[in-house]
There are 2 protein chains.
Amino acid sequence: MDSDVRADVGLGRRSPTARTRVVVADRNVITRVGIRSILERNAGMAVVAEATSYEAALDAVDEHGPDVLIIDLDLGDDTTRGLKLCEEITDRFPATKILVLANTLSEMIVIEALRRGANGYLCKDDVKADELGKGVRAVQEGDTVLGRGVGSLIAHGLGSTRGSAERLTTREIEVIKAVGQGLSNKQIAQELFISESTVKFHLQNTSKKLNAKRRAEIVHKATAAGLI
Amino acid sequence: MDSDVRADVGLGRRSPTARTRVVVADRNVITRVGIRSILERNAGMAVVAEATSYEAALDAVDEHGPDVLIIDLDLGDDTTRGLKLCEEITDRFPATKILVLANTLSEMIVIEALRRGANGYLCKDDVKADELGKGVRAVQEGDTVLGRGVGSLIAHGLGSTRGSAERLTTREIEVIKAVGQGLSNKQIAQELFISESTVKFHLQNTSKKLNAKRRAEIVHKATAAGLI
DNA sequence: TGTCTTACTAGCCGTTTGGATAGGTGTCAA
DNA sequence: TTGACACCTATCCAAACGGCTAGTAAGACA
């Protein structure tokens, strides 16, 4: 295993002072190198540290006090810890702005991330090289940055009186995970020490929240959103 | 929009002759830059073209005749076209080796890719920086490269007498997609102009192939595998 | 203190599903 | 021609699911 945090290896310094200092948190080397390369070559910024876990990201921000933290919410098993991290960074290091760089585009997650202090949300597959630097610069200056599609997505979500944008409770996510593993309500009930009726109830709520008609659709949406 | 194909912009040439020439096909700029950066800086290879679509990848291979094509199967809406592309490249340009660099790790897709001519299969989230260069070199020299986890995955799959490694038919995928949209068997039957019994039949087959107990699990596995 | 809201729990009843089995067609290659 | 394969249809019955209604516990707020 690589170590979780690695310090700046000093690739091509250009402007000596007042450079935007960035920490990148992503488990994927290729992405880290790509971001570093784009920001350092084209945008004249400095990637001062990289992290591949939530803890490491927190440590890195603590140690380097960067202007911007670029984070992929998908660092561990579930997205919830990434969201938690946004909260924590905002709380403990308010000077560091957070730019989420996500793999998936899910209304629910975008809204959660913004609610918990993220200053921007870009989708990896959609960003162009120059947009990354611009996005970092913009969040650094206090703007909120939403990538192509992200803005309209949440506008749409907020427009609809209710439904899709609501967050799932931990219990609901547990139930959905179990459903995705092919367990029956009875089995889920046993696993979670609740009655079968309760399992059904949770599923009904999630289908409303996710605007899904059946459990299979719930699982599909939750999987696509990276929740399970 | 960027153009689909862009020629080598000549970043840092080092060894003048006999360098491994690579074409990268991935819709994600960050990944492309990351791969280019890793291969050119650390492995002394040349990325001679980038592509962001299947057609462009084919064109680029035709035009540049690279030693290795690095491809993300997830270039378009579904993975099937990426698999088709492996077949086509192997067929028309046998001198170009194919290294699949995937987001997801699915037994079925790994096996399909190898069956259709891919020479290696690495998982983006698992590769370390040096492994990428080594992998490219290895496939170029005729080896088959399977990333961490990939090998054991398919070994496991081949070990089990039957089941998981079988490929889904187009009809089966259509049915699964519909299930993932929350349709009932009856609705699916109407949509596909077949009887409800047939829908159930297809689902029974897919659950055997995917080794899933219920439709929700089928959808989960198929979604996670990028099939729907 | 009373009222609201939210998460969680539960039972009832009709519909949908899954599993096992047993067939039918058309196509393609050995 | 004979398989092999994808695709289609059907029936039976137990099990699972979805929709509805309703109660409890905890926290927020006026």
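In what follows, every heavy atom counts, from backbone to side chain, and hydrogens, waters and symmetry copies are set aside. Just so we're on the same page: letters track the sequence lines, and every chain starts at 1.
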Which listed nucleotide ([options]) is nearest to the side chain of [X]?
X        : options                : result
B:Arg214 : C:dC8, D:dA16, D:dC8   : D:dA16
A:Ser184 : C:dT17, D:dA16, C:dC12 : D:dA16
B:Ser195 : D:dT9, D:dC7, D:dA22   : D:dT9
B:Arg215 : C:dG18, D:dG18, D:dC7  : C:dG18
B:Thr198 : C:dT9, D:dT11, D:dC8   : D:dC8

How many whole angstroms separate atom [atom1] of [X] from atom [atom2] of [N]?
X        : N      : atom1 : atom2 : value
B:Glu196 : C:dT17 : CD    : P     : 7 Å
A:Lys209 : C:dT5  : NZ    : P     : 16 Å
A:Lys186 : D:dC17 : NZ    : C1'   : 12 Å
A:Glu174 : C:dC8  : CD    : P     : 8 Å
A:Leu203 : C:dA7  : CG    : C1'   : 15 Å
A:Gln204 : D:dG18 : CD    : C1'   : 6 Å
B:Lys200 : D:dA10 : NZ    : P     : 12 Å
A:Phe193 : C:dC8  : CZ    : C1'   : 16 Å

Of A:Ile194 and B:Phe201, whose closest DNA chain C nucleotide lies nearer the 5' terminus? A:Ile194
Which part of the nucleic acid, if any, lies within contact of B:Thr169, taking any heavy atom under 4.0 Å across all strands shown: a base, the sugar-phosphate backbone alone, or nothing? sugar-phosphate
Which heavy atom of [X] sits nearest a heavy atom of [Y], and at what distance?
X        : Y        : value
A:Tyr54  : A:Asp74  : OH-C, 4.4 Å
B:Val100 : B:Ala113 : CG2-CB, 4.3 Å
B:Leu183 : B:Arg215 : O-NH1, 3.8 Å

Earlier contact from the 5' end, DNA chain D, for B:Thr170 and A:Lys213: B:Thr170
Under 4.0 angstrom between B:His202 side-chain N/O and D:dC8 OP1 or OP2: yes
Are B:Asn185 and C:dT17 close enough that a side-chain N or O sits under 4.0 Å from OP1 or OP2? yes
Could you state the interatomic distance from CZ (A:Arg21) to OG1 (A:Thr96), rounded to the nearest 0.5 Å?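 So the CZ of A:Arg21 and the OG1 of A:Thr96 are separated by 9.5 Å.
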Run the side chain to side chain donor-acceptor pair (under 3.5 Å) test on A:Arg171 and A:Asn205 for me, step by step, so that the C-alpha distance in whole Å, both residues' side-chain angles and the decisive distance to 0.1 Å come before the verdict. CA-CA 11 Å; A:Arg171 203 54 160 175; A:Asn205 286 333; over 6 Å; no
